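Comments concern the structure below.
These figures come from a predicted structure and were not determined experimentally. So you know, we letter chains A, B, ... as the sequences are listed, proteins then strands, and number each from 1.
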Amino acid sequence: MMVDDLLDFGLPEEGLEIFGDRGIEELYPPQVDGVRSGVLDGRNLVLAVPTASGKTLVSELGILKSVFSGGRTLYIVPLKALAYEKFELFKEYERYGFNVGVATGDYDRSADYLSDMDVVVTTSEKADSMLRLGTDWIGDVDVVVCDEVHLVDSDRRGPTLEVTLAKLMMMNPGAQVIALSATISNAREIANWLDAGLVKSDWRPIELKEGVVFDDFIDFPFDGGKEVCSDEDDVATSLVRDAVLEGGQALVFTSSRRNSRGAAGRIVGSLDDLLSPMEEDRLMELSNDILDVDGVTEEGERLARYVRRGVAFHHAGLRNTHLRRIEKLFSSGDLKAICSTPTLAWGINLPARRVVVRDYKRYDPNYGMKPIPVLDVKQMFGRAGRPGMDPYGEAVLIAKNEVERDQLIDRYVVGDTENITSKLASEPALRSHVLSTIASGFAGSYSELMDFIDRTFFAVQNRPEDIQLLVKRVLGFLESEGFIEVDGFGLGSGSGFDATAIGKRVSELYIDPLSASRILERLSGRGMESDIEFLHMVCETPDMDTLYMRKSDYSRVESFLKENPRLKERGEMDDWFLSEVKTSLLLKDWIDEEDDGDICDWYGVSSGDIRRKASTAEWLLHSAAELSKMSMSLYINRLRNLQRRMQYGVKKELSDLVSISGIGRVRARELYKNGYRTKSDLHELIDNQSLVREVDGVGAKTIEKIKRELGGNE
DNA sequence: AGTGAACGTATGTAGACAGCATGTC
DNA sequence: CTACATACGTTCACT
């Protein structure tokens, strides 16, 4: 089917232009199936097809059809980075007078602003949050697109996705639902849930050879085999060099951050003779950019050193700027190889000629090393082959012997993916979503609550009765904590309920009700004195992921506790408590302006981890301050103060300086050292440019920026 | 004494969403 | 039901 033919199916003519501009003439087979299943007639659709086989376009057919007749679309994705990526894509529509917006936790726009948008791209949590806040326009949506629906399978985030979809469908009964999924075996079940047609296909726009390597030979069960040119003693390195020799790039997936650095370290050097002088010059430049952002930590320095030679590692501990930069450098072809933890498999599309899954096992504290799900490996495999650039893609696992090779082929190449299952029956998920369902008025009684649960994916796979016991327990918890009020005596099927003011606020703040109850308990207690006690309050909350206790951490943490008996009283001396304390100490060092490199060394974390922990802490400190306000606690100012320091990682005395854009913890400290302690002190600096040189890290450009900001404000 | 291969042992382990008010180095 | 790769320390042969 050609794009032009879509007119017959009801696509507005302008839609043709959009696709035409992208150079699309003919539809892929799964896309044709989507059309035949009625995307353009507003029918619900589940599209279970491999990555990069044109899923987005099918959803766009529904979106364009709707939007051209005055409709509104909500497009839900699992990652912030994906939200921005889709946002950029849909911006093309603005040419036709449509408004496109993004809403994520850190790129937030007012509900008012978003209500003028025809297409809003958002994460599932942000969508959930907007529902909790009672955002008006969300009840006026005509198309709901859910990208990567198979993530309802995820323990932590799946429940949010299914609850949010269920609510959106209840609020917008007439809306078209388009769900995009990886090829999962029980896609039919998802389709049943969403009352949708199903298109399932393994078709790919570019040939993908999947296989297993052993003894310098890749066995592609469906595509013969291939000798690997192995002049390296490390298999992964040989595979990478081999791919680069053929003019391609390679992605190597590893099971841990350390392994990703290690694998990259072994590849570095094996590509030197394959880089042109021009490429070397460019890489040198890019490497220096990386040092500019983070030249302080050992890891940042190492990353820069590797990038100089065409290789990078990639994992969630790196700073966001580094991650985005590495991704960009790989798609531009400057980098030849990336060694990555599973982040890259689920993030933005970053195709490579060859994908090497070096580690197919991942550590699980309950079991030891455990083979990862087939879906995860398929997701990594799916990154092989750049459409239009590579003749084909190759994806391989590495085996250490023949037996393992055959096992790997059976399981990961020939085998089916696992079924996905609802994780809604997990207590942490349930207490949060039950509260929000009540607080936002979706359910005012037990029977309404169960009616709602009946609309979730959980109810498709289980009898709702199976969740009742758990729901009752959760309701009991919410009532006893004062987050909801229940009519009458006891919980019966006839009982009605409503959220209390504080329960409503907890739901809006988007924190786990258990976090809220812990915080409220601390705030009502007597005499919190030192910063560390507030920081620990935040770290003992289930919303904070605490740090792992290394052997070498015990002495440090235990001796701190010895000097702080008040803190020591708060818990048993078990690993759980100690890791809370360790995390609190990291946060304390952050707001005491300790050096990045030192913090990384002391706590065994990466530089991006510090910021991620700090930002979670800031959110929780903000929530604590809000709860404090409602419960008349004495600590509001204290919490606000800490929140502010947490945001920038500074001591109190810098808070004035740091509020100026362009000035962060480092520059603020430099300015302070040079006698500029407040905004008004800075006017002197601006008026007397010759003094600028005295302050490290503050150049003419920054001064210019400060000038503009201060001039505007005063 | 210095170097370094070869072997033994201790160690640590993936990811990333949310509020709020505006902008890192 | 199910533990790996790696960094670091020690030993010992050889210059």
Any side-chain heavy-atom pair of A/Met380 and A/Tyr360 under 4.5 Å: no
Closest non-hydrogen atom pair, A/Ala614 against A/Trp590: CB-NE1, 3.4 Å
Sugar-phosphate, base or nothing in reach of A/Leu620, heavy atoms under 4.0 Å: nothing
Value in whole Å for how far the C1' atom of B/dC20 lies from NZ of A/Lys629: 11 Å
Residue mapping more 5' on DNA chain B - nearest nucleotide basis, A/Val658 or A/Ala103: A/Ala103
Residue mapping more 5' on DNA chain B - nearest nucleotide basis, A/Leu133 or A/Arg667: A/Leu133
Touch class at under 4.0 angstrom, heavy-atom based, for A/Arg644 against every strand present: nothing
Note: A/Arg665-A/Asp596 ion pair, threshold 4.0 Å (strictly below): yes
Touch class at under 4.0 angstrom, heavy-atom based, for A/Gln643 against every strand present: base
Sugar-phosphate, base or nothing in reach of A/Arg611, heavy atoms under 4.0 Å: nothing
Nucleotide forming a Watson-Crick or wobble pair with B/dC17, both distances under 3.5 Å: none
Interatomic distance where CH2 belongs to A/Trp619 and P belongs to B/dG19 [whole Å]: 8 Å
Test side chain to side chain donor-acceptor pair (under 3.5 Å) applied to A/Asp592 - qualifying residues, sequence neighbours left out: A/Lys588, A/Arg645
Ring pair (Phe, Tyr, Trp, His ring centres under 6.0 Å) partners of residues 147-168 of chain A, not counting sequence neighbours, each pair once: A/His150-A/Trp346
Residues that A/Tyr635 engages under side chain to side chain donor-acceptor pair (under 3.5 Å), provided they are two or more places apart: none
Pairwise side-chain contact, A/Val77 with A/Glu148, heavy-atom cut-off 4.5 Å (strictly under): no
Nucleotide paired to B/dT22 in any strand shown, Watson-Crick or G-U, under 3.5 Å: none
Pairwise P distance for C/dT6 and B/dA14, with rounding to whole Å: 13 Å
Base-contact (B) and sugar-phosphate-only (S) positions in nucleotides 10-16 of chain B, heavy-atom cut-off under 4.0 Å, - elsewhere: -SBBBSB
Shortest non-hydrogen contact from A/Ala83 toward A/Thr104: CB-CG2, 3.9 Å
Close side-chain approach of A/Leu397 and A/Phe381, heavy atoms under 4.5 Å: yes
Interatomic distance where CG belongs to A/Asp294 and C1' belongs to B/dT24 [whole Å]: 12 Å
Residue list, side-chain contact (heavy atoms from CB on, under 4.5 Å) with A/Ser615, at least two apart or on another chain: none
A/Asp147 CG to B/dC17 C1', straight-line distance once rounded to whole Å: 16 Å
With A/Lys361 via side chain to side chain donor-acceptor pair (under 3.5 Å) - residues at least two apart: none
Neighbours of DNA chain B within residues 158-168 of chain A, by heavy-atom distance under 4.0 Å: none
Rounded distance (Å) that lies between atom C1' of B/dT24 and atom CD of A/Glu618: 14 Å
Least distance between heavy atoms, A/Tyr510 atom then A/Trp619 atom: O-CZ2, 3.1 Å
Spacing of the P atoms in C/dT2 and B/dC17 (rounded, Å): 35 Å
Stem list, DNA chain C (Watson-Crick or G-U pairing under 3.5 Å, at least 3 consecutive pairs): B:1-13 with C:3-15
Sugar-phosphate, base or nothing in reach of A/Arg505, heavy atoms under 4.0 Å: sugar-phosphate
Between A/Arg302 and A/Tyr306: side-chain donor-acceptor atoms closer than 3.5 Å: yes
Protein-nucleotide distance (A/His433, atom NE2; B/dA18, atom P), rounded to Å: 13 Å
Which protein N or O atoms sit under 3.5 Å from an N or O of nucleotides 21-23 of chain B?
residue, atom, partner, partner atom, Å
B/dT22, O4, A/Asp106, O, 3.4

For chain A, the stretch of DNA chain C it reaches, first to last nucleotide, under 4.0 Å of its heavy atoms: C/dT2 to C/dT6
Set of side-chain contact (heavy atoms from CB on, under 4.5 Å) partners for A/Asp574, sequence neighbours left out: A/Glu572, A/Trp576, A/Phe577
Closest contact, heavy atoms only, A/Arg132 versus A/Lys504: O-NZ, 4.2 Å
Contacts of type side chain to side chain donor-acceptor pair (under 3.5 Å), residue A/Ser436, not counting sequence neighbours: A/Lys167
Nearest-Å distance for atom pair CG/P, residues A/Asp292 and B/dT24: 18 Å
Check: A/Glu626 main-chain N/O paired with A/Arg505 side-chain donor or acceptor under 3.5 Å: no
